[in-house]
Amino acid sequence: MRQPTDLISLDGQLDVTLTAAPTSVPWGSGTRFALTYNGTIPGPTLRLRPGDTLNLTLVNGLDEPTNLHTHGLHVSPDGDADNIFVMIEPGAQRRARYELPGDHPSGTFWYHPHHHGTVARQLAGGLAGVIVVADGLDDRAELAATTERILVLSDPPIGQNVSVLDVSPQQRMMGREGPRQLVNGQVQPSLAAAAGSTERWRLVNASASHVHSLSVEGAELYLLASEQRRLPQPVRTGSVVLTPGQRAELLVPLATPGSVTLRSTAVSRMGGMGGMGGMGGMGGMGMGGSGGPAPGTISDLLTVRVTASGTTPAPIPVRLGPADSATVPSAAEVVRTRRVILGAMGMGPGQFVIDGRRFEPGRIDIEASLNTTEDWQLVNASMMDHPFHLHVWPFRVLDRSDGLPPDPAWRDTVNVPAGQTVTIRIPFVDLAGTTVFHCHILDHEDLGMMATIRVV
Ligand code: C2O
Ligand code: CU
Ligand code: CU
């Protein structure tokens, strides 16, 4: 399994130039057409610490406009920072400056294009890379002793020229999917590791629309972190569902020699997050028309050949410490409760709205006050699942109408299943500015399922 190049901050600064350009990338014994940052899939990994400044120059070598978003980072959305309203013309470049607060959450974040109308196309083409924010806890012996790897999941269209990025109106409405589930651009790569070692995988679901249910055959699986901050302690689990945009850090202790497989089951996006059962309960519609595999299809993503060694696995840390679990504001601190309606009934393009409206960059849809907390009831009024994503301010899931337990993780993306309501609590702390929230099925976002928020 390939690993992307690491670009590591030094003395609080990281200066990088990313060039987005059409590229021939390795595919089997030949090549295929892709869009890349700096020529590779995924792009370089940007490694930062809380308090660092990232100076990033984006060079647009594509023949269409693009821009860049640092998904999940708690940084200013305005001016020359994480401003997704700017557009960079072909041949032009832009320098951005991202200042991470000194208490920025640790975790696995990522960068991708965010030019409204072509986000799904450019991401599916291959434009994505990982941002790691490591803090003092990452230096603790139990975590430092693990073998860390980046795993970027994608399902690009496979072809020889740019026309492979064109999809049908039906695929845009369903959310485009590709034929194969790749890790770091490779089909079922493998790696070797010694029994007694512990793998630590930073996974990013960088597909435009595909939802993975991930499990591990041949070893135990622990969830160490989700989108934002580590869990107070690693949790043993059977499977982890990742919608587009979501991340997970997994610990996999390799106890005995043999073979360990990371496996993905395709999840229905028609109200199917609760389980693998059925084809989505939509009379067999499944994800027909997306271009991807039917729900329930199993793909082996990665094989680990575990070789013999004399050591026994280091214990999984039982506590990662109170520093990890930032306090959730109490109900008494909530100044406002809103209902946000995702989508509308019907199967036409008119269903891709938020509160009945399509995205309009110049309009402010929601205004909130800096350093206040709000509860949002995310109501999915449509027949398809919509993974809700908010820029800049992480939130907690408080309540779900579908009976799944609210989870103990800070998130920036949460699935709202068809017909269900998910209630989240958002502390609008530290940073003011104007940005967006949207469905992370990126074709839905491109079709208009995005809205603006201004925090003042
Ligand atoms: Cu990952 Cu607004 O995006
Ligand atoms: Cu984002
Ligand atoms: Cu959607």
Side-chain angles (χ1 to χ4, degrees), residues 66-77 81-86 98 107-120 122-124 127-131 152 154 171-177 204-211 227-228 242-247 268-273 287 290 340-344 347 349-354 358-359 361 378-395 411-420 422 431 433-453:
T66 192
N67 64 7
L68 187 127
H69 166 50
T70 54
H71 179 134
L73 286 191
H74 184 55
V75 293
S76 168
D82 190 28
N83 185 340
I84 52 92
F85 298 102
V86 301
Y98 309 84
T108 306
F109 307 91
W110 63 301
Y111 59 89
H112 64 75
H114 215 292
H115 178 56
H116 181 63
T118 54
V119 181
Q122 293 184 3
L123 180 75
L127 292 172
V130 174
I131 302 170
V152 175
S154 67
Q171 272 177 290
R172 297 194 73 197
M173 286 203 290
M174 296 309 294
R176 73 187 70 194
E177 297 193 23
V204 177
N205 184 351
S207 60
S209 313
H210 188 79
V211 180
E227 275 77 70
Q228 298 272 345
L242 290 188
T243 70
Q246 287 189 313
R247 291 87 67 204
S268 167
R269 292 190 272 116
M270 312 293 273
M273 292 294 286
M287 292 320 297
S290 71
V340 175
I341 314 289
L342 306 178
M347 282 309 285
Q351 68 180 300
F352 301 107
V353 290
I354 293 181
R358 283 192 193 196
F359 177 63
L378 309 171
V379 180
N380 185 335
S382 77
M383 298 192 295
M384 301 174 78
D385 292 9
H386 296 297
F388 169 92
H389 169 54
L390 170 65
H391 290 205
V392 182
W393 302 278
F395 55 78
R411 297 197 172 277
D412 53 57
T413 308
V414 64
N415 188 50
V416 185
Q420 303 291 338
V422 171
L431 299 159
T434 303
T435 189
V436 292
F437 54 94
H438 57 90
C439 177
H440 220 289
I441 303 296
L442 292 169
D443 283 297
H444 295 175
E445 182 266 294
D446 285 331
L447 288 167
M449 209 169 180
M450 177 154 74
T452 58
I453 174 167

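Just follow the structure's listing: the first ligand is 1, and inside any ligand the first atom is 1. Each residue takes its place number in the sequence, starting with 1. Quantities reported herein were computed from a predicted structural model and do not represent experimental measurements. Values below: all heavy atoms of this structure, side chains included; hydrogens, waters and symmetry mates excluded.
- Taken from CD in Gln228 to CZ in Phe395, the straight-line distance is 9.0 Å, to the nearest 0.5 Å.
- Closest N/O/S atom of His71 to atom 1 (Cu) of ligand 1: ND1.
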Under the ring pair (Phe, Tyr, Trp, His ring centres under 6.0 Å) criterion, do His391 and His71 qualify, and how do the steps go? CA-CA 7 Å; His391 290 205; His71 179 134; 7.0 Å; no
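- Taking the six-membered ring for Trp, His69 and His115 have ring centres at least 6.0 Å apart.
- Of all N, O or S atoms in His438, the one lying closest to atom 2 (Cu) of ligand 1 is NE2.
- In this structure, NE2 of His112 and NE2 of His440 enclose an angle of 120° at atom 1 (Cu) of ligand 1, rounded to 10°.
- The pair Asp446-Arg176 does not count as a salt bridge, with every side-chain nitrogen at least 4.0 angstrom from each carboxylate oxygen.
- In this structure, a donor-acceptor pair under 3.5 Å is absent between the side chains of Glu177 and Ser207.
- Ring planes of His438 and His114: perpendicular class, angle over 60° (limits at 30 and 60°).
- In terms of distance to atom 2 (Cu) of ligand 1, the nearest N, O or S atom of His391 is named NE2.
- Atom 2 (Cu) of ligand 1 lies at 2.8 Å or more from every N, O or S atom belonging to His389.
- Sorting the N, O or S atoms of His386 by how far they are from the Cu ion (ligand 3) puts ND1 first.
- The Cu ion (ligand 3) lies closest to atom ND1 when only the N/O/S atoms of His444 are considered.
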